[in-house]
Amino acid sequence: MKFMNILVIEDDRIVRTLVKHVLEKEGHEVSIAERGETGEDMALNEDFDIIILDLGLPDKSGLEVCKVLREHNRSTPILILSAYQNTDTKVTGLNTGADDYLTKPFDNKELLARIDAINRRSQKSGESNNTYECGELKIDLVNREFYVKDTKVLLTNNEFNLMAYFLKNPNRILDKDELTNNVWDINFDTNTNFLNVYISYLRKKIEDITPVNYIQTIRKKGFMLQCGSGSEQ
Ligand code: CA
């Protein structure tokens with residue numbers, strides 16, 4: 001797990017000290033703001049991986065801070081840490097753009113688990129536009145690289161485009177028309193076994209590295225890239 005740069009906006013000294021201690025013990029870098037306005041300025045001007053935000057602050061509500069950050073297009077994940085237990089406050093917090101809500105008093109392990117979960121989710125969504133994964137397969141659309149078990153596999157242009165389409169549409173039956181229409185922008189005679197040939201090339205290159213059969217033939221329907229429990233050992 002990577003170490004994160006975390007901003008804690010919290011006016012209660014005891015909670016602040018505890019959160020800082022718990023996070024620093026895990027190796028994270030912790031910055032502190034005691035007031036909403038200060039925290040907001042820091043969040044707008046510095047780069048944090050996660051913000052832990054109290055709701056009851058002396059100068060302004062944590063919800064306002066959250067709202068301002070989102071209005072300024074700051075997508076830093078926000079974990080609200082608050083004594084307010086009621087569902088309305090939680091829902092409002094999440095609607096304002098917070099990523100998660102933890103009520104005080106909290107368990108240290110729970111705090112760390114929530115932070116890990118937020119971190120995982122944000123890493124995933126950050127990558128979602130240019131890399132896709134399926135079991136041991138991974139494709140990087142920006143650098144046009146394909147990996148099987150972290151081994152870089154060279155693909156031709158057509159193979160790469162086909163693989164990319166599979167990885168963007170995992171666990172779904174893709175018929176011949178859908179594949180050919182989306183992968184190649186030229187019309188070609190569907191009687192040819194063009195597609196089958198490329199699929200056999202891809203299978204061969206994947207099978208050189210892993211025994212898992214990712215690209216499955218679904219009889220009379222098409223093909224499916226199988227990810228998850230069915231294809232993982
Ligand atoms: Ca407070």
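Since this is a predicted model, take the numbers as computed values, not measurements. When a ligand or atom number is given, it counts from 1 through the structure's own listing order.
- A salt bridge is absent between Arg203 and Glu207; no separation between the charged side-chain nitrogens and carboxylate oxygens falls under 4.0 Å.
- Take a cut-off of 3.0 Å around the Ca ion (ligand 1): the protein N, O or S atoms inside it are Asp11 OD1, Asp54 OD2, Gly56 O.
- By the 4.0 Å N-to-carboxylate-O rule, Asp54 lies close enough to Lys104 to be salt-bridged with it.
- Remark: Asp150 CG is loosely packed, at most 12 non-hydrogen atoms of other residues, nucleotides or ligands lying under 6.0 Å away.
- Taking a 6.0 Å sphere around CG of Asp47, one finds it holds 12 or fewer heavy atoms contributed by other residues, nucleotides or ligands.
- Around the NZ atom of Lys60, the shell of radius 6.0 Å holds more than 12 heavy atoms that belong to other residues, nucleotides or ligands.
- A salt bridge links Lys204 and Asp208; the closest N-O separation between the charged side-chain nitrogens and carboxylate oxygens is under 4.0 Å.
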